[in-house]
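Notes follow the structure.
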Amino acid sequence: MDTSPTPQGRPPELPTRVTGLVLRALTAEDADAYYALLDRNRLHLSRLGDFRAEREATPAWVRAHLAEDPGPGLRCGILLNGALIGRIDLVAVDPPRYGTGYWLDESHVGSGYASAACSALYGHAARALGATEVFAGVTHGNDRSVALLRRLGFEPVADFEDYTRFRLVLVP
Ligand SMILES: CC(C)(COP(=O)(O)OP(=O)(O)OC[C@H]1O[C@@H](n2cnc3c(N)ncnc32)[C@H](O)[C@@H]1OP(=O)(O)O)[C@@H](O)C(=O)NCCC(=O)NCCS
């Protein structure tokens, strides 16, 4: 996804199959909204020991984090009717093979928004970046994340002490 501003001054949006749900590059301009989202999701994000940095987030950490250039990967906010409700990343580990990570505001879990966001981003990755595979590491016990990946067509490919690695083969 191009992160350069549109003539209206905002980065372009990637639509999803859900009306009102779009992806948009998460930039330094989103620091206040992203901090507020993180601040009300500290417990939600850290239940399984993941997202350690986010659990300890301060406004200064968020500003510095969002000032980093994610390229050549993609760092996107998930927006519902203009409000930031989550985040999804595509990590350029070994292009055309990519890693991914995602999370939703706790009050928006259970409505299919993560599925729609992932489908949109991985479709875009295949079309625009030539991505052929997407990998995700899921901590043991994260049943919601496993269910999400299964719905998207991911398969487990390796098991480690703390997590399982899943893979999605993208159809060109
Ligand atoms: C992982 C996470 C993003 C999954 O969110 P989610 O909302 O469960 O995922 P989905 O978007 O696939 O939604 C599935 C739910 O929406 C329901 N749903 C409603 N409409 C739907 C639709 N059109 N398509 C798919 N699911 C739909 C499903 O029935 C399911 O409900 P259920 O949980 O009652 O079975 C979320 O739990 C989260 O943010 N967890 C904390 C962070 C985290 O662990 N991230 C992953 C690290 S690997």
Side-chain angles (χ1 to χ4, degrees), residues 1 3 10-71 73-93 98-125 134-152 154 160 162-166 168:
M1 195 184 319
T3 57
R10 298 297 302 174
E13 295 178 346
L14 184 67
T16 74
R17 60 175 176 253
V18 174
T19 306
L21 189 80
V22 301
L23 308 184
R24 200 190 68 209
L26 202 54
T27 71
E29 285 184 32
D30 300 303
D32 290 346
Y34 188 59
Y35 178 76
L37 182 68
L38 273 182
D39 194 40
R40 61 178 186 267
N41 281 285
R42 290 179 197 272
L43 181 60
H44 170 53
L45 289 176
S46 58
R47 274 195 188 103
L48 291 165
D50 301 333
F51 298 99
R52 292 214 172 100
E54 283 79 3
R55 185 183 57 191
E56 309 295 334
T58 62
W61 179 83
V62 167
R63 277 196 301 276
H65 175 60
L66 294 186
E68 288 163 16
D69 181 359
L74 297 171
R75 177 181 64 213
C76 297
I78 304 171
L79 293 102
L80 183 64
N81 300 322
L84 189 61
I85 64 157
R87 168 173 172 168
I88 180 167
D89 289 64
L90 197 66
V91 185
V93 178
Y98 288 80
T100 191
Y102 41 77
W103 64 271
L104 280 182
D105 179 42
E106 189 166 18
S107 67
H108 287 88
V109 167
S111 299
Y113 296 149
S115 287
C118 289
S119 295
L121 190 64
Y122 308 152
H124 173 80
V134 180
F135 291 84
V138 183
T139 301
H140 297 315
N142 194 345
D143 299 338
R144 276 196 170 274
S145 189
V146 171
L148 162 63
L149 293 175
R150 290 294 204 177
R151 266 192 291 277
L152 292 164
F154 280 76
F160 302 94
D162 298 330
Y163 71 97
T164 302
R165 179 179 295 150
F166 286 78
L168 177 68

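Every value quoted in this text rests on a predicted model; they were computed, and no experiment measured them.
P15 and A120 get closest at one heavy-atom pair: O-CB, 3.5 Å. Minimum interatomic distance between R63 and A31 (heavy atoms only, all atoms of both residues): CG-CB, 3.8 Å. The shortest non-hydrogen separation linking V93 to G99 is CG2-N, 3.8 Å. Taking each heavy atom of G86 and L37 in turn, the nearest pair found is N-CD2, 3.6 Å. Scanning both residues, V18 and A116, for their nearest heavy atoms gives CG2-CB, 3.6 Å. Minimum heavy-atom separation, V62 to A57: CG2-CB, 4.3 Å.
For R42, the side-chain hydrogen bond (donor to acceptor under 3.5 Å, both in side chains) partners two or more places apart in sequence, or in a different chain, are Y35, D39. In this structure, the side-chain hydrogen bond (donor to acceptor under 3.5 Å, both in side chains) partners of T100, at least two apart in sequence or on a different chain, are Y122. In this structure Y98 satisfies the side-chain hydrogen bond (donor to acceptor under 3.5 Å, both in side chains) test with no other residue, sequence neighbours excluded. For R17, the side-chain hydrogen bond (donor to acceptor under 3.5 Å, both in side chains) test picks out S119, with sequence neighbours left out.
Rounded to the nearest 0.5 Å, atoms CG (L38) and CG (D105) are 10.5 Å apart. In this structure, L14 CG and L79 CG are separated by 11.5 Å, a value rounded to the nearest 0.5 Å. In this structure, D162 CG and L48 CG are separated by 11.0 Å, a value rounded to the nearest 0.5 Å. Distance check: F154 CZ to C118 SG gives 7.0 Å after rounding to the nearest 0.5 Å. Separating the CG atom in L148 from the OG atom in S115 is a distance of 4.5 Å, to the nearest 0.5 Å. Residue I85 holds its CD1 atom at 6.0 Å from CD1 of I78, rounded to the nearest 0.5 Å.
One N or O on the side chain of H140 and one on the backbone of F160 form a donor-acceptor pair closer than 3.5 Å. T16 places a side-chain N or O within donor-acceptor distance of the main-chain N or O of L21, the cut-off being under 3.5 Å. A side-chain donor-acceptor contact under 3.5 Å links D30 to the backbone of T27. Between the side chain of D89 and the backbone N or O of V91 there is no donor-acceptor pair closer than 3.5 Å.
Between H108 and Y113, the ring-plane angle classifies as tilted under the 30° and 60° cut-offs.
Put simply, the side chain of V109 does not reach to within 4.5 Å of the side chain of W103, judged on heavy atoms. Counting only heavy atoms from C-beta outward, the side chains of F166 and S145 never approach each other to under 4.5 Å. R87 places none of its side-chain heavy atoms less than 4.5 Å from the side chain of L104. Looking only at side-chain heavy atoms (C-beta outward), N142 and Y163 stay at 4.5 Å or farther from each other. Using a 4.5 Å heavy-atom threshold, the side chains of L66 and Y34 count as touching.
For residues 43-60, the set of pairs meeting the side chain to side chain donor-acceptor pair (under 3.5 Å) definition, not counting sequence neighbours, comprises R47-E106, D50-T139. Applying the salt bridge (charged side-chain N to carboxylate O under 4.0 Å, His left out) test to residues at least two apart or on different chains, the pairs with a partner in residues 142-152 are R150-E155.
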